[in-house]
Structures are given as C-alpha cells and as structure tokens.
Amino acid sequence: MQDSHQRIYAAIAAIPRGRVASYGAIAVRAGLPGRARLVGKLLGKTPADMPLPWHRVLRASGQIALPPGSRGFREQCRLLRAEGIEVHQGRVPLSRFGLDGNLDRQLWGML
DNA sequence: GCTTTGACGTATG
DNA sequence: TCATACGCCAAAG
C-alpha cells in the first residue's frame, strides 16, 4: 500500500458525518495538492466493501462524480440522504454541507 | 517506454 | 450556466 493512498483514505475517513468534501480538498488534506484525479482514481479502484465514507466525496461543484443513473450514483444519493444531506439533480449545496463552508475558502486563500 | 485514461480542478469566454 | 482548453499524474495497455 502506497503512503499516498494511506493518507487519502485517512483524509476521507476524517470527513465528519453529515458533511461532504471535494476531491481537491481531500487531495490537499492528504498532502497532495493538485492531485484530485489521483483521489478519484484510487476510489475507483477501491472495492465497495471497504469501510470508507466514499459517498461524502464530491466534485468541487457539488456534483456527484459518478455517472447519473449508475448503480454507484444511486447508492451515493441514498447514503448521503441517509445522513441528512440534501441531493437535488445529483448535486449537493456546498454552501451548507461543504465542511462548514470554510475549508474551500481556506484552501484558495479567499476572504 | 509511449500513449491513453480517469469517481478532478481552474481559468476563460 | 455551459463549453472548451489545459494541467495533473499513477496505472493500464
């Protein structure tokens, strides 16, 4: 197991219940800025039976990354809603569920 | 070893 | 808000 993978898993596992984080944010927390794709790649290869809150990981836009209508897509929606997170048209309002809405600003040096 | 691919992100128009 | 372009890089072919 690569060290980077370990850190990515740890970063995902650290997302609080009822909150979501973007691939980019996960990459940063894993010490891999700019490697959002690596996070996605890893999740894609990760078996579904892995005890990881993968469903809390979305695109920076709040869009669910999986193909709409696919198995995983529906599963993700279900899991998110089960935590009280709103999902409309495959999207989550980051203004309310995106890690207190502070991580992104923290990352991009805004405000 | 070169090319393609991917659960992505930002900038620009 | 949508589209297009480019950056990123580990794996797979």
Test item: A/H88 and A/R91 side chains (from C-beta on) under 4.5 Å apart, heavy atoms: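 Answer no - side chains too far apart.
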
Any A/V87 side-chain heavy atom under 4.5 Å of A/Q76 side chain: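 No; the side chains remain at least 4.5 Å from each other.
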
Once rounded to the nearest 0.5 Å, what's the spacing between atom [atom1] of [X] and atom [atom2] of [Y]?
X: A/K41; Y: A/H5; atom1: NZ; atom2: NE2; answer: 9.5 Å
X: A/L94; Y: A/R19; atom1: CG; atom2: CZ; answer: 11.5 Å
X: A/L43; Y: A/W54; atom1: CG; atom2: CH2; answer: 9.0 Å
X: A/H55; Y: A/I12; atom1: NE2; atom2: CD1; answer: 11.0 Å

Atom-pair distance ([atom1] on [X]; [atom2] on [N]), nearest Å:
X: A/R71; N: B/dA7; atom1: CZ; atom2: C1'; answer: 16 Å
X: A/I12; N: B/dC8; atom1: CD1; atom2: C1'; answer: 13 Å
X: A/I8; N: B/dA7; atom1: CD1; atom2: P; answer: 14 Å
X: A/L66; N: B/dA7; atom1: CG; atom2: P; answer: 8 Å

From CA spacing to verdict: side chain to side chain contact (heavy atoms under 4.5 Å, CB included), A/I15, A/I26: CA-CA 9 Å; A/I15 305 173; A/I26 293 302; 3.7 Å; yes

Positions of residues 52-59 of chain A (non-hydrogen atom under 4.0 Å from DNA chain B), listed by number: A/W54, A/R59

Nearest-neighbour nucleotide for the A/R91 side chain, B/dA7, C/dT1, B/dC8 considered: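 Taking heavy atoms from C-beta onward, the closest nucleotide is C/dT1.
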
Nearest non-hydrogen partners of A/V92 and A/F97, listed with the distance: CG1-CD1, 3.8 Å

Sequence-aligned protein contact record of nucleotides 7-13 of chain C, with B where the base is within under 4.0 Å of a protein heavy atom and S where only the sugar-phosphate is: BBSBBS-

